[in-house]
Amino acid sequence: MSETTGAAARDVARSAPVVMLGRGGLVAYGAVHLLVAALAVQVALGDRERVDKKGALQTIAEQWPGVALLWVITVGLSALVVWQLAEAVWGHRGAPVGNRVLRTAVNLAEAALFGVLAWSAASVATSGGAPSKQPSFATVVFGLPGGPFLVGLAGVGLVVGGGYAVYRGITHAFLRELDLAGAGLNRSQLVTRVGQLGWAALGVVYGIPGVLLVVAAVRFDPAQPTGLDAGLQAVAGQPYGPVVLVVLALGLVAFGVHCFFDARYRKA
């Protein structure tokens with residue numbers, strides 16, 4: 001019975017409708033990063049708008065069809081979570097143990113990331129795009145037993161994750177997830193170069209909040225801003241900071257375009 005149930009779950013999780021919705025989720029994920037890049041440029045030019053993902057989702061909600069689009073994003077990202085969980089459970093059985101563990105960890109991390117963004121999109125859609133008044137992650141965690149340690153651990157995790165994203169870009173590791181057999185040489189080279197730049201920029205951008213979390217933990221300061229918006233605003237305040245922000249924004253544009261390629265060529 002359990003084997004039959006497991007096979008049925010696998011078939012559903014890897015079915016054509018789920019994969020199609022998952023590809024739509026990748027397109028939505030790329031579009032969100034294009035918005036984050038645009039907001040980052042605004043910060044470089046002196047605008048203090050929020051630039052984190054939830055700020056980008058709120059920007060979508062402010063448009064006329066925005067709330068409906070957010071629900072579409074939520075469905076697509078939720079399907080992408082199911083798709084990645086299916087890959088984690090059934091997708092790497094023939095690979096060597098070391099590779100299987102690493103690829104499964106990547107699938108689980110992506111499923112968690114897509115799940116958080118899906119939840120954010122749904123919460124923004126439910127609120128009609130109204131700014132969130134919920135306390136920050138650091139403020140909530142600081143109130144828990146061992147809060148500073150947990151905040152620091154989360155910061156280290158973000159830094160390590162950012163470093164791994166840079167590694168994925170430098171080593172072309174992201175190509176393992178793509179099927180470029182029929183793409184042609186020029187298209188394959190384009191996908192590779194865009195992915196390299198995008199993953200490297202993503203790692204740097206999301207490593208910055210990790211550093212801020214570690215600093216907040218060391219200082220025992222729950223009030224210190226630790227989000228992506230605070231990180232990019234901190235960069236903007238440094239010498240040549242606006243120029244660095246524009247370069248990072250271009251990298252995020254590359255990652256957004258990579259997500260579109262990912263949606264087209266991701267192995268089903």
Side-chain angles (χ1 to χ4, degrees), residues 8-42 47 49-89 91 106-137 140 161 177 198 202 205-206 209 227-229 232 249 252-268:
R10 179 186 59 197
D11 291 341
V12 171
R14 304 178 80 175
S15 64
V18 170
V19 171
M20 182 180 66
L21 288 172
R23 294 188 191 279
L26 285 170
V27 171
Y29 189 58
V32 168
H33 279 88
L34 294 181
L35 279 172
V36 172
L39 296 175
V41 171
Q42 291 182 15
D47 195 333
E49 288 284 340
R50 290 180 57 83
V51 296
D52 59 10
K53 288 181 179 178
K54 203 154 189 178
L57 295 173
Q58 289 168 353
T59 300
I60 294 174
E62 291 172 359
Q63 312 305 315
W64 171 71
V67 173
L69 181 58
L70 284 176
W71 285 118
V72 172
I73 290 174
T74 300
V75 172
L77 289 171
S78 299
L80 197 51
V81 171
V82 174
W83 187 5
Q84 290 307 296
L85 290 177
E87 286 299 303
V89 176
V106 171
N107 289 137
L108 292 175
E110 288 189 338
L113 180 63
F114 296 140
V116 169
L117 187 54
W119 178 85
S120 296
S123 65
V124 172
T126 301
S127 67
S132 174
K133 296 182 180 180
Q134 297 178 348
S136 68
F137 167 82
V140 172
E177 302 170 349
L202 187 78
V205 167
Y206 288 107
L228 176 58
D229 51 343
L232 295 187
L252 287 176
V253 170
F255 185 77
V257 174
H258 165 72
C259 289
F260 301 154
F261 285 136
D262 197 3
R264 169 63 178 82
Y265 295 110
R266 176 71 70 106
K267 294 177 182 176

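Owing to the predicted nature of the structure, the values given are computational and were not obtained by experimental measurement.
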*Asks:* Do the rings of Tyr29 and His33 sit parallel, tilted or perpendicular, given the 30° and 60° boundaries?
*Replies:*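 Rings of Tyr29 and His33: perpendicular, over 60°.
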*Asks:* Looking only at heavy atoms, what is the nearest atom pair of Gln84 and Arg266, with distance?
*Replies:*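 Minimum heavy-atom separation between Gln84 and Arg266: NE2-NH1, 3.0 Å.
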*Asks:* In Å and rounded to the nearest 0.5 Å, what is the CD to OH distance from Glu177 to Tyr265?
*Replies:*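 Rounded to the nearest 0.5 Å, the CD-OH separation comes to 16.0 Å.
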*Asks:* Output, in order, the C-alpha distance, side-chain angles, deciding distance and verdict of side chain to side chain contact (heavy atoms under 4.5 Å, CB included) for Asn107 and Leu85.
*Replies:* CA-CA 7 Å; Asn107 289 137; Leu85 290 177; over 6 Å; no
*Asks:* Evaluate Phe260 against Leu34 for side chain to side chain contact (heavy atoms under 4.5 Å, CB included), listing each step before the verdict.
*Replies:* CA-CA 11 Å; Phe260 301 154; Leu34 294 181; 3.8 Å; yes
*Asks:* Grab the two heavy atoms, one from Val67 and one from Ala125, that are nearest each other, plus how far apart they are.
*Replies:*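 Looking at all heavy atoms of both residues, the shortest contact is CG1-O, 3.7 Å.
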*Asks:* Gly22 and Leu80: which non-hydrogen atoms are nearest, and at how many Å?
*Replies:*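 Here Gly22 and Leu80 meet closest at O-CD1, 3.4 Å.
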*Asks:* How close do Thr74 and Ala122 get, heavy atom to heavy atom, and via which atoms?
*Replies:*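 Shortest heavy-atom separation between Thr74 and Ala122 comes out as OG1-N, 3.3 Å.
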*Asks:* I need the minimum non-hydrogen distance between Ala37 and Val253, along with the two atoms involved.
*Replies:*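 What the structure gives for the nearest pair is CB-CG2, 3.8 Å.
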*Asks:* Side chain to side chain contact (heavy atoms under 4.5 Å, CB included) for Trp71 and Thr126? Distances and angles first, verdict last.
*Replies:* CA-CA 9 Å; Trp71 285 118; Thr126 301; 3.6 Å; yes
*Asks:* I would like to know whether Leu252 and Val205 meet side chain to side chain contact (heavy atoms under 4.5 Å, CB included); could you show each step before the answer?
*Replies:* CA-CA 8 Å; Leu252 287 176; Val205 167; 4.2 Å; yes
*Asks:* Between CZ of Phe114 and CG of Leu26, what distance do you get to the nearest 0.5 Å?
*Replies:*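 Going from the CZ atom of Phe114 to the CG atom of Leu26 covers 5.5 Å.
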*Asks:* So, for Ala121 and Ile73, which heavy atoms are closest and what is the spacing to 0.1 Å?
*Replies:*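 Residues Ala121 and Ile73, closest heavy atoms: CB-CG2, 4.2 Å.
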